[in-house]
Amino acid sequence: MAETRTPVPWDDIDPEIAAAVHALADYEIDTFSSCQAGDGHPCLMPEILFHGSEHDGLYAVWLLEAQGFRVQDLSRHWDLDHGLPRQPFWRVTMRSLEPMGPRPGTMRVHGDG
């Protein structure tokens, strides 16, 4: 089966986190920012920010874990614009960017959408 990749809307994505971002984008998770962390990067741990409903956060964790990534934590955030909350977004932080294989009990997902 040929591997398909959903195009990500930015060109300067950190190479070490690209596979994790595509794992979400392939399943229509609306990612808008990511950082692989490490020297010269603003994040201490690899993270991906994305928009979605209250259910999309857990869905994203499941997708990443099923693709072999290990998630450190998941949090929901609201930016303030002149003191008023805007659209909430999710932040998923990963322990590692090296896929480790699916966790027991999760089935492997493929990028077919």
Query raised in the report: Out of curiosity, Asp30 CG to Leu49 CG, how far, rounded to the nearest 0.5 Å?
Result: 11.0 Å
Query raised in the report: Sub-3.5 Å donor-acceptor pair from the side chain of Gln67 to the main-chain atoms of Ala20, do we have one?
Result: no
Query raised in the report: Just wondering, do Arg70 and Glu65 contact through their side chains at under 4.5 Å, heavy atoms?
Result: yes
Query raised in the report: Do Trp78 and Val92 belong to the same hydrophobic cluster, where Ile, Leu, Val, Met, Phe, Trp and Tyr are linked whenever their side-chain heavy atoms lie under 4.5 Å apart, directly or via other members?
Result: no
Query raised in the report: Any donor-acceptor pair under 3.5 Å linking the side chain of Asp26 with the backbone of Ala23?
Result: no
Query raised in the report: About how many Å separate CG of Leu58 and CG of Leu74, when rounded to the nearest 0.5 Å?
Result: 6.0 Å
Report summary line: Taken to the nearest 0.5 Å, the spacing of Leu24 CG from Phe50 CZ works out to 6.5 Å
Requested in this report: Return the minimal non-hydrogen interatomic distance between Glu54 and Arg76, and the atom names on each side.
Outcome: N-NH2, 4.0 Å
Report summary line: Partner of Glu47 under side chain to side chain donor-acceptor pair (under 3.5 Å), picked from Arg91, Gln36, Gln72, is Arg91
Query raised in the report: Which heavy atom in His51 sits nearest to a heavy atom in Trp90, and how many Å separate them?
Result: C-CD1, 4.5 Å
Requested in this report: Supply the atom-to-atom distance Leu64 CG to Ile48 CD1, rounded to the nearest 0.5 angstrom.
Outcome: 5.5 Å
Requested in this report: To the nearest 0.5 angstrom, please state how far the CD1 atom of Ile17 sits from the NE2 atom of His22.
Outcome: 11.5 Å
Report task. With sequence neighbours excluded, tell me which residues meet ring-ring contact (aromatic ring centres under 6.0 Å, His included) with His77. Result -> Phe89
**Report entry** Min side-chain heavy-atom separation Cys35-Asp14 under 4.5 Å
**Finding:** yes
